Amino acid sequence: MAMVPSAFFPIADLSNYTKGWTIRVRVTSKSGLRTFQSKNNEGGKVFSVELLDCEGGEIKASLFNNAVDNFGEMLQVGKCFTFSRGTLKVANRNYSTLSHRYELTFDRDAAVTEANHDSIIDTMKLHICDLRSVQAKILPANVDLCGVVVSFKAPHAFTSKDGKDLVKREIVLADDSCSSMEVTLWSDRAQKEDKEFEGNPVMVIKSVIVKEWGNGRKGSLLETGALLISPSIPEATKVRQWWSQGGSSQTLTALSDGAFVGGKAPVGKSACLSDIRVASEQATFSEEVFSVVCRLAIVQTKKQGEEQPLYYMACMELKDGNKLPCNRRVDSSGFCAVAPRFNLRCKFSDCEDSTWLTTFHEAAKGALSMEAFELKDLEQNREAMEAAIRHSYFQQPWIRAKPDHYNGESRTNVACVDARPVLLREHGRFLLKEISDMIVAS
DNA sequence: CCCCCCCC
């Protein structure tokens with residue numbers, strides 16, 4: 001007779017108002033055992049697991065002391081169990097990779113029973129995020145990725161600052177968003193044989209923590225995450241097809257090597273948008289560059305109902321004696337080498353003001369985290385094109401450097417000349433200093 | 001009641 005799923009409580013509905021629940025779940029990850037000294041100086045031990053049920057609900061559970069003794073061995077990744085008699089508390093966002101508002105703790109009262117393999121519970125729940133959207137995430141971010149291994153380094157053993165022996169291996173993943181990012185694998189995963197990484201296999205990596213490193217972004221696969229090599233899931237098939245049907249020869253936007261930070265940006269006077277507004281309204285204003293921390297709020301895609309061009313086709317021939325392309329506007333049958341270049345009107349916002357700025361190619365690439373050809377590729381589908389742009393709204397603070405110059409008349413031309421992700425650590429220190437200066441001043 | 005997600 002078929003099992004009645006409703007006999008078990010849905011994980012998604014667990015809260016601290018729930019009484020007398022029993023859940024039936026699969027263990028999808030398991031941490032190592034940690035020992036600790038609690039506040040009243042008692043020694044304790046704990047490990048945690050992630051649990052998935054047949055409705056796709058996920059929750060983190062921590063098992064303490066007696067529960068470790070009773071169930072520590074039994075709970076293994078991939079196996080199914082029923083759990084009851086645990087305590088619910090609001091999840092600590094700092095330590096949970098799952099979206100559930102609550103998490104479970106189990107101690108001496110816990111009831112855990114091994115269940116038969118339950119095929120209606122998935123073995124893993126993935127929330128795969130393409131690499132281009134990783135560029136726009138608030139950091140640190142926890143993501144699941146599906147990409148082609150485009151390169152890998154040898155495993156490297158070293159001792160960490162606090163004396164731990166570690167082995168890491170860096171790989172570079174790329175996906176059909178034409179982006180790539182370096183990801184660090186650790187210990188056993190790092191020490192898989194080289195041949196596992198050869199021949200551009202598709203890998204799914206679950207629970208990658210993404211952080212700012214240097215000028216770019218880098219991932220690190222957490223202990224409780226997962227590494228799947230050439231899995232048969234639709235996302236893997238899609239990425240594999242992209243790679244074999246031209247992706248392998250495409251230019252990739254690297255998140256890890258400062259691709260968005262390349263080139264010489266003018267470093268402007270630190271300002272906010274209202275400072276720029278004031279400066280640009282002054283008649284005596286001479287050319288000046290400002291740097292502002294702000295967000296991209298909107299791109300003007302329509303004007304009085306009319307769709308606006310977002311890029312133009314430019315000549316890419318190199319000028320004589322110059323390494324720069326001439327960038328002359330050409331028609332679509334242009335006889336020189338042509339490439340799309342952005343020309344956008346963007347509204348940028350900070351905490352107190354917002355302003356529309358003409359945003360040319362280099363700056364627009366930074367503001368949108370995308371290449372002009374990626375937008376042009378969608379030219380048959382205006383809605384998809386605009387959706388791709390909307391994706392970047394408010395996603396990431398940008399430093400905007402801006403020169404002001406004249407166009408012969410007294411009218412001041414204000415433009416965005418460069419946009420790049422804010423280095424959060426540096427910016428955080430800057431803000432802290434501002435606060436402490438204010439305290440001193442008061 | 002734990003809790004770092006390691007490194008350049």
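Please read these numbers as outputs of a predicted model, since none were measured by experiment. To find a chain, count down the sequence lines: A is the first, B the second, and so on, and within it residues start at 1. The basis for the numbers below is simple: all heavy atoms, side chains too, and nothing from hydrogens, waters or symmetry mates.
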Contacts of type ring pair (Phe, Tyr, Trp, His ring centres under 6.0 Å), residue Phe64(A), not counting sequence neighbours: none
Report yes or no: do Glu223(A) and Ser207(A) form a side-chain donor-acceptor pair below 3.5 Å? no
Do His127(A) and Glu58(A) get their side chains close enough for a donor-acceptor pair, meaning under 3.5 Å? yes
With sequence neighbours excluded, tell me which residues meet salt bridge (Lys or Arg N to Asp or Glu O under 4.0 Å) with Lys19(A). none
In the 5'-to-3' direction, what one-character label does each nucleotide of nucleotides 3-8 of chain B receive under the scheme B = base within less than 4.0 Å of a protein heavy atom, S = sugar-phosphate only, - = no such atom? BBBBBB
On the six-membered ring of Phe342(A), is Lys365(A) placed so that its NZ or CZ lies under 6.0 angstrom from the centre and within 45° of the ring axis? no
